[in-house]
Structure formats: structure tokens, C-alpha cells
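The structure appears right after this line, and notes come after that.
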Amino acid sequence: MKGLGTVETNKLAVKAKVKVKKRKSFMKKLNDSKYLLILFAPCLLYYLIFHYAPMFGIIISFKDYNLFTGVWNSEWVGLKYFKMFFESPDFFVLLRNTFLLGLYKFIFGFPIPIIFALLLNEVKNMFFKRFVQTVSYLPHFISNVVVASMIVVFLSADGVVNRMISHLGIDSINWMITPELFRTIFVSSEIWQHMGWETIIFLAALTGINPQLYEAAEIDGAGRFAKLRYITIPGILPAIFIVGILNIGQVLEIGFEKVFLLYNPVTYETADIISTYVYRVGLVHGNYSYATAIGLFLGVISFIFLFAANYFSKKSGQESLW
């Protein structure tokens, strides 16, 4: 019995030593990374203050919120505002517009940075390559207000675009008040504004490909397209899947600012999306509970999209977020 007690004591002592060693190792890593953690702190605080702390407000979507009585004293109404939104005649129109804008942006906007990165990778003149890359990602830093103003000016009745097509014998087009053209204008402006910035991710992935693979392929007689097919594209495939998963999760998260600045009552039938509807219902009409319920619904659907995309990517043996 004494021998068994000694064995148990030794095991406990070993476990205690392992825990102490792990703790010391953790503290050492923490100390070694203190400057990186200090740099990361503002980013962490930003998300905690502006993204996680406001999530407390979700509770008012289940209450008949009154600004004067406060959150806790407002009456519980359960799923009343969710049912109100689902039964609203605007529900399917808003969902359709939001989904189609996000889908078109994904279908046409996602492949272009990949193609652009592959084209830039083939450019041998470094000065020209850097110049084109710089020019392409500069629009990303232009404010949406400025971009929307440029679009309105260029596409106005006497704007640059109508003047150009009038010289070709084509009648002027009322671009900004034609509902059928809104999605084309919005998606095109999104591609132009963010194409160069998103290309940086794929250019970074291209630099991670081992140059010896290209040398070996040349020795085997592989041409440019063969190297592109069997080395370059497989090399950046993990980055493509990760970016693709994130973009699918944002299909319904269409930016409010640009749509709000470009649309008008005439184009509501194709331009009015859930975000702009939430703005009108919540801030303009003061129905905060209804607006919060719609926003929560949108967040849940976006999470389902993200989870499904990640699941299928993982099942197919490709890269995934978790």
C-alpha cells in the first residue's frame, strides 16, 4: 500500500512540474511577444468596443423598446417584430435585392482580383508592375461619398458618359433613375474600387510559391500555361478558398453607405436593400425594436452562409476557417 501511495505521489509531483513548466513557457512567450501584443491592443479594443459591446442591444428586438422607459423596463413581446418583418410586403423585395446585389458582387467581383494578380505576376518589368499595382489599389482609399459623387456626376444627363455615347450616335441614358441599371452600376463601382486592394492578398500568396517548382517545370518542357495550371493556381488555392469563404459570408452584408448614396425612390424596386430599410425604419421612423429584429435576422443568415461555406470547403478537403 505504501508503494502505491508513493507512485501516486510521484505522478502528482510530475503533473505539478509539467503544469509549472507550461505556465513558465506561456509567461515566457507572453513576455517575448509583449510588443506585438501592445500593437494588437488597439485592434482588440476596437472590436470589443464597437462590435461586441453593442451586441447587448440585440435584446431590444424581443421588446417593445421605449427610449424613455429604457431597455430593462420595456415590455417583452417575443418574436412579434420578426413576424412583422416576415409578413411585410417588403420582405421578399428586400431579400431579393440584397441577395442579388451580393451574389452579383461575388460572381463578378471575386474572380477579377485573382485574374489581375495572375496577370501582374507575369509582368517582368518591375517598375511597370509596381506602378500598375499602386494605381489599381488607390481607389480603395477613396471615400464612398466621393466615389458615389463621381458616379453621379459621370452618369448625369450631361455627364461624361452620356457625352461620349452621344458622339457615337446613341441617345442619352438616364442612368441613375433607371432601376434595371442600378445593380450594374453598383457592382461595377465596387469592382473598380476594391479590385486592386484584394489583389494584394493573392500577390502575397504567389510570392510563397517555391521558385524551384517553376525551374523544374521548365526543365520538363512545361510552357507558361502549363506552369499556370499545375503550379501557380494550385499554389494560391488555399488563399482563394479562404477569401471565397469570407466573401460568401458577406453576400447579404452589402455596404449601406454606397447604396444609400446612389439609390433614390425611383430605383427602390431594385436598389432598396435590408440595410437601407433598417436605416429608414430605425433612425428615420424611430422603430428601434423592429430595425434591430431585421438586423439580427440578417446577421443570423450571414452566419449560416459563412458556416455552410466553411463546412463544404472542409468536406472537400480544402482550406477552412475552423
Worksheet item: Roughly how far apart are Leu44 CG and Ile49 CD1, rounded to 0.5 Å?
Response: 9.0 Å
Practice prompt. Each residue besides Val266 in its hydrophobic cluster should be listed here, by chain and number; the cluster joins Ile, Leu, Val, Met, Phe, Trp and Tyr at side-chain heavy-atom distances under 4.5 Å.
Written response: Ile177
Practice prompt. Report the residues that fulfil side chain to side chain contact (heavy atoms under 4.5 Å, CB included) with Phe106, sequence neighbours left out, ordered by chain and then residue number.
Written response: Phe110, Asn247, Ile248
Worksheet item: Any donor and acceptor pair, going by atom type alone, linking the side chain of Asn162 with main-chain N or O of Ile173 inside 3.5 Å?
Response: yes
Discussion item. Nearest 0.5 angstrom please: Leu228 CG to Leu118 CG, how far?
Written reply: 5.5 Å
Worksheet item: Do any N or O atoms from the side chain of Asp220 and from the backbone of Ala222 form a donor-acceptor pair under 3.5 angstrom?
Response: no
Discussion item. Could you check whether any side-chain N or O of Lys63 sits under 3.5 Å from a backbone N or O of Val71, counting only pairs where one atom can act as donor and the other as acceptor?
Written reply: yes
Practice prompt. Hey, could you give me the CZ/CZ distance between Phe99 and Phe305, rounded to the nearest 0.5 Å?
Written response: 5.5 Å
Worksheet item: With a cut-off of under 6.0 Å to the ring centre and 45° to the axis, is Arg280 in cation-pi contact with Tyr263?
Response: no
Worksheet item: Once you round to the nearest 0.5 Å, how far does CD1 of Ile231 lie from CD of Gln212?
Response: 11.5 Å
Worksheet item: Is it true that a side-chain atom of Thr207 and a backbone atom of Ala204 form a donor plus acceptor pair closer than 3.5 Å?
Response: yes
Item to complete: Give a yes or no answer on whether the side chain of Asn97 reaches the backbone of Asp272 with a donor-acceptor pair at less than 3.5 Å.
Response: yes
Fill in: Pairing residues for Ile58 by the side chain to side chain contact (heavy atoms under 4.5 Å, CB included) criterion, not counting sequence neighbours
Met55, Ser61, Phe62, Leu296
